[in-house]
Amino acid sequence: MENKSRNVYLIPYVLWIALCVVAPILMILYYSFFDIEGNFTLHNYVKFFTPVYLKMTINSFWYAFLITFFSLLVAYPTAYLLTKTKHKQLWLLLIILPTWINLLLKAYAFLGIFGTYGAANKLLEFIGIGTQQILFTDFSFIFVSVYIFIPFMILPIFNSLEELNPTLVDASRDLGASPWGTFRRVIVPLTVGGVKSGIQAVFIPALSLFMITRLIAGNRVITLGTAIEQHFLVTQDWGMGATIAVFLIIAMALTMIITGGRKGGMKGGQARKAV
């Protein structure tokens with residue numbers, strides 16, 4: 001009886017997965033086998049492995065890596081300091097608040113900040129450097145992307161640090177480990193699960209960015225997301241756009257597999273090795 005009632009509760013979840021996840025993926029796969037005239041073809045997949053699209057793929061992975069790397073570089077010490085502050089829930093709320101603002105609004109805000117007469121250039125003029133071309137550069141693209149994604153890196157790391165058993169840290173210090181040694185050999189290994197979750201939350205959507213590349217990078221940065229948008233909305237070549245989306249989905253799935261892993265039983269083994 002319990003199994004039957006449990007299966008009933010699973011029906012909405014299964015329907016949601018089928019309609020909102022499986023069906024769109026199958027539609028993308030279906031359209032990838034047709035050319036712009038609606039004829040069945042495998043040419044789209046052959047075309048993807050030409051230098052133009054391969055370079056675009058490498059660029060996408062490179063920029064996604066940079067965005068993830070800088071997000072992690074800022075997020076880990078930020079999350080660590082948050083766990084030590086008195087009003088950490090308040091600070092955490094302030095970090096989460098920007099995610100409630102529409103992405104387009106944030107992008108337009110940075111158009112004003114990084115523009116020729118924006119606040120960033122006013123600051124550069126004040127300190128004597130002078131006006132610089134900040135907007136439509138790799139720097140502005142990565143900076144804005146990191147700003148947008150960084151809360152999604154901080155949250156899982158903060159949660160993993162909060163769940164960390166403080167007695168392990170105390171034991172490491174009692175055994176004579178330096179603060180850096182404790183951080184490197186105890187804290188970091190035991191919070192690697194949060195780091196992996198953060199990498200997933202940042203790297204995967206960073207692969208498919210397209211709006212920020214237009215507004216902030218001025219189309220200087222061409223990614224797979226930009227190519228998909230172009231094929232679906234400009235050239236109307238849905239087949240090629242769907243083909244790129246198929247490879248993007250495969251890349252995302254591989255990222256999840258690589259950054260995944262078993263959590264159960266891992267912490268105990270790492271703790272014994274660290275301490």
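Cluster annotation: Ile101 is not connected to Ile148 through the hydrophobic network of ILVMFWY side chains, with a link wherever side-chain heavy atoms come within less than 4.5 Å. In the hydrophobic clustering of this structure, Val46 does not group with Phe40; members are Ile, Leu, Val, Met, Phe, Trp, Tyr whose side-chain heavy atoms approach within less than 4.5 Å, directly or through other members. Each of Leu92 and Leu81 belongs to its own hydrophobic cluster when Ile, Leu, Val, Met, Phe, Trp and Tyr are linked at side-chain heavy-atom distances under 4.5 angstrom. Note: the hydrophobic cluster containing Leu161 does not contain Leu90 (ILVMFWY, side chain heavy atoms under 4.5 Å, direct or indirect links). Ile36 and Met240 fall into different hydrophobic clusters, where Ile, Leu, Val, Met, Phe, Trp and Tyr side chains are chained together by heavy-atom contacts under 4.5 Å.
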Please step through side chain to side chain contact (heavy atoms under 4.5 Å, CB included) for the pair Leu54 and Thr50, ending with a clear verdict. CA-CA 6 Å; Leu54 288 178; Thr50 56; over 6 Å; no
Apply ring-ring contact (aromatic ring centres under 6.0 Å, His included) to Phe247 and Phe48, showing your working. CA-CA 9 Å; Phe247 283 101; Phe48 183 83; 4.0 Å; yes
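Phe136 pairs by the side chain to side chain contact (heavy atoms under 4.5 Å, CB included) definition with Gln133, not counting sequence neighbours. With sequence neighbours left out, the side chain to side chain contact (heavy atoms under 4.5 Å, CB included) criterion links Glu37 to Asp35, Asn39.
In terms of modelled atom types and a separation under 3.5 Å, the side chain of Asn121 and the main chain of Gln132 share a donor-acceptor contact. In this structure, Ser172 contributes its side chain and Leu168 its backbone to no donor-acceptor pair below 3.5 Å. The closest donor-acceptor contact from the side chain of Thr226 to the backbone of Ile222 lies at 3.5 Å or more, if one exists at all. Counting only distance, with no hydrogens or angles, the side chain of Ser140 and the backbone of Ile134 share a donor-acceptor pair below 3.5 Å. Within the 3.5 Å criterion, the main-chain N or O of Gly225 finds no donor-acceptor partner in the side chain of Ser208.
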Mind listing the side-chain donor-acceptor pairs of residues 21-32 below 3.5 Å, one per line with the distance, residues two or more places apart or on another chain?
from, atom 1, to, atom 2, distance (Å)
Ser32, OG, Leu29, O, 2.6
Ser32, OG, Tyr45, OH, 2.7

When the side chains of residues 105-118 are checked against the rest of the protein, which donor-acceptor pairs come out under 3.5 Å, sequence neighbours left out?
from, atom 1, to, atom 2, distance (Å)
Lys106, NZ, Pro98, O, 3.0

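The aromatic ring centres of Phe232 and Trp238 sit less than 6.0 Å apart.
Among all heavy-atom pairs drawn from Ile67 and Ser145, the shortest one is CD1-CB, 3.5 Å. Between Phe34 and Gly38, the closest heavy-atom pair is CD2-O, 3.4 Å.
Pairs passing the salt bridge (Lys or Arg N to Asp or Glu O under 4.0 Å) check and including a residue from residues 114-140, sequence neighbours excluded, read Asp138-Arg220. Applying the ring-ring contact (aromatic ring centres under 6.0 Å, His included) rule to pairs touching residues 74-99 yields Tyr76-Phe183, Tyr80-Phe183, sequence neighbours excluded.
Atom CD1 of Ile199 sits about 7.0 Å away from atom OG1 of Thr259, to the nearest 0.5 Å. Expressed to the nearest 0.5 Å, how far CG of Leu254 lies from CD1 of Ile204 amounts to 10.0 Å. Leu73 contributes atom CG, which lies 10.0 Å from atom CE of Met153 (distance to the nearest 0.5 angstrom). Expressed to the nearest 0.5 Å, how far CD1 of Ile157 lies from CG of Leu82 amounts to 11.0 Å. Here the NZ-CD distance, from Lys88 to Glu162, works out to 3.5 Å after rounding to the nearest 0.5 Å.
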